[in-house]
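This is the structure I have questions about; it appears just below.
What you see is a predicted model, and the numbers here were worked out from it, not measured in a lab.
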Amino acid sequence: MSTDPTAPADRAGRVGPAELAELGERLQRAYGTLWLHRLKGDPYAALLCDVDEDPGPLRERVRAAGPLWRSGPGPWVTADPAVGAALLAHPGTGHEPLLPGEAAPPSTTPLPVPDLAPLCARLLDAAGAEFDLVADLAEPLAAGALARACAVPEAEHGRFAEALADCGTALDAVVCPQRLATARRTGPALDVLRSLLGAARGAPDPATVVAGARTGADLVARTVLGARLPLPGGRAAAAVDRALDTEPPVRIAPLLAHTDIELAGARIAAGERLAVLLDDGPEPPVLRATAPLRRAMAESLLAALADRYTALSPTAPAVRRPRAPLTRGPARVPLRATAAPGARRTGER
């Protein structure tokens, strides 16, 4: 299944009413097609519909269907670790483009890791004792960290953060059609990102930055939710390791076959799509450049929280992002923090 990332999303913010209506209909039909195959019993289509809180049983059904099989929505699918590793390493496959117009492979050179303690302090000062972990801390931290790592001018940090937010569904949109209101924001946001990154010397490609922001914010949230305060000194890194071991940054690797491939009894033609279900293993190329920075985000915020607070408790149930089968990250996590007696604020010196 593909939502045709090479055209509609890029143009959605710049088309007339008729074209916009047509795009909305296409997105609805594509999502409806997933549901049709789900109702027919296709476990991969059911995964992409993303309405099950626990995807484990569906992933087991994908695995039980065979080492490599053709799904109803179209892609060849595998949950077999050996077959998946072979496809990911095969010279005849490549990752599906994340963003419209993406031609060159994503950058894999690690981004620099700035000192994130001052940024964490400012975010915690602004958030207060009751906050949304995602909206008030994780997403602003990811945007701020990437802006600093990419040398975006400070005066443009606000525009940069807004553009990243508007591209926040790009990873999931490769396999799951998004709502029209979401899709139409992507094109203008990409224009902003391309302009800002193009003016920053040595900045990576927009796909690397968009993927790093989404998975970075998710890792921050998962790390904090999986930790228990008070946190012994130096244990933030171990908490990040646990978060990564519990859930990888993405659960599906969408691939394209560039040549004819014969594997696991299947004959895959050039141009056909594939989907590798991931449990662990190497991260997709689009995530490699931001891996050290994403880890630093999670460690820095958890350390800052542990410096101020002795406990975090939910004030309402957490809500997961809809139509996000690839990232399965949180959308809202309302929390209340309990301050340690006499604890100084992280930003104080």
Side-chain angles (χ1 to χ4, degrees), residues 1-6 26-98 169-178 211 247-287 320 322-329:
M1 178 71 194
S2 171
T3 59
D4 188 16
T6 59
R26 288 207 306 273
L27 291 170
Q28 284 184 323
R29 283 198 301 270
Y31 192 61
T33 299
L34 288 182
W35 270 92
L36 177 63
H37 288 294
R38 174 191 173 94
L39 293 173
K40 290 181 177 179
D42 189 301
Y44 181 64
L47 270 177
L48 299 189
C49 289
D50 194 33
V51 293
D52 299 272
E53 280 303 312
D54 179 9
L58 288 175
R59 295 174 70 87
E60 287 301 320
R61 285 175 54 197
V62 169
R63 186 173 289 109
L68 183 60
W69 55 279
R70 186 72 172 266
S71 66
W76 292 87
V77 182
T78 183
D80 182 281
V83 175
L87 286 174
L88 290 167
H90 199 287
T93 68
H95 288 264
E96 277 207 62
L98 171 61
T169 62
L171 274 169
D172 291 293
V174 175
V175 296
C176 180
Q178 301 296 302
E247 192 159 4
V250 294
R251 307 304 301 267
I252 303 169
L255 304 177
L256 282 173
H258 299 312
T259 62
D260 293 346
I261 298 170
E262 289 192 24
L263 183 67
R267 293 185 177 182
I268 301 163
E272 291 190 309
R273 293 182 168 87
L274 307 101
V276 177
L277 271 58
L278 303 172
D279 288 317
D280 51 26
E283 292 186 335
V286 76
L287 297 181
R320 193 169 59 80
R323 303 194 187 192
L326 193 143
T327 58
R328 291 189 60 83

Which atom of Arg267 lies closest to which atom of Trp76, heavy atoms considered: O-CZ2, 3.7 Å
So, the side chain of His37 versus the backbone of Gly72: is there a donor-acceptor pair under 3.5 Å, distance only? yes
Test item: Asp260 side-chain N/O and Ala269 main-chain N/O as donor-acceptor pair under 3.5 Å: no
Can you tell if the side chain of Leu34 reaches within under 4.5 Å of the side chain of Pro177, non-hydrogen atoms only? yes
Any side-chain heavy atom of Thr93 sitting closer than 4.5 Å to one from Leu88? no
Check His258 against Ala270 and note the closest heavy-atom contact, atom names and distance. O-CB, 3.7 Å
Output for pair (Cys49 SG, Asp42 CG), nearest 0.5 Å, gives 9.5 Å
Do Leu326 and Pro254 have side chains that approach each other closer than 4.5 Å (heavy atoms only, starting at C-beta)? yes
Check for a donor-acceptor pair, side chain of Arg59 on one end and backbone N or O of Leu278 on the other, with a separation under 3.5 Å. yes
Looking only at heavy atoms, which two atoms of Gly56 and Asp54 are closest? And how far apart? N-OD1, 2.9 Å
With heavy-atom distances below 4.5 Å as the criterion, would you say the side chains of Leu48 and Ile252 are in contact? yes
Donor-acceptor pair, distance only, cut-off 3.5 Å: does the side chain of Arg70 make one with the backbone of Ala266? no
So does Ala173 get a backbone contact from the side chain of Thr169, meaning a donor-acceptor N/O pair under 3.5 Å? no
Just wondering, do Ile261 and His90 contact through their side chains at under 4.5 Å, heavy atoms? yes
Main-chain N/O of Ala257 paired to Glu272 side chain as donor or acceptor, under 3.5 Å: no
Do the non-hydrogen side-chain atoms of Thr327 and Arg251 ever get within less than 4.5 Å of each other? no
Specify the closest pair of heavy atoms between Val174 and Pro97, including all atoms of both residues, with the distance to one decimal. CG2-O, 3.9 Å
Any donor-acceptor pair under 3.5 Å linking the side chain of Gln178 with the backbone of Cys176? yes
Partner of Leu277 under side-chain contact (heavy atoms from CB on, under 4.5 Å), chosen from Asp80, Thr78, Leu47, Leu58: Leu47
In Å, rounded to the nearest 0.5 Å, how long is the span from CG of Leu256 to CG of Leu274? 8.0 Å
Take Leu255 and His95, measure what side chain to side chain contact (heavy atoms under 4.5 Å, CB included) needs, and give me the verdict at the end. CA-CA 4 Å; Leu255 304 177; His95 288 264; 3.7 Å; yes
So does Val62 get a backbone contact from the side chain of Trp69, meaning a donor-acceptor N/O pair under 3.5 Å? yes
By salt bridge (Lys or Arg N to Asp or Glu O under 4.0 Å) - contacts of Arg328 (at least two apart): Asp50
Taking the side chain as every heavy atom from C-beta outward, state whether Asp172 and Pro325 have any atom pair closer than 4.5 Å. yes
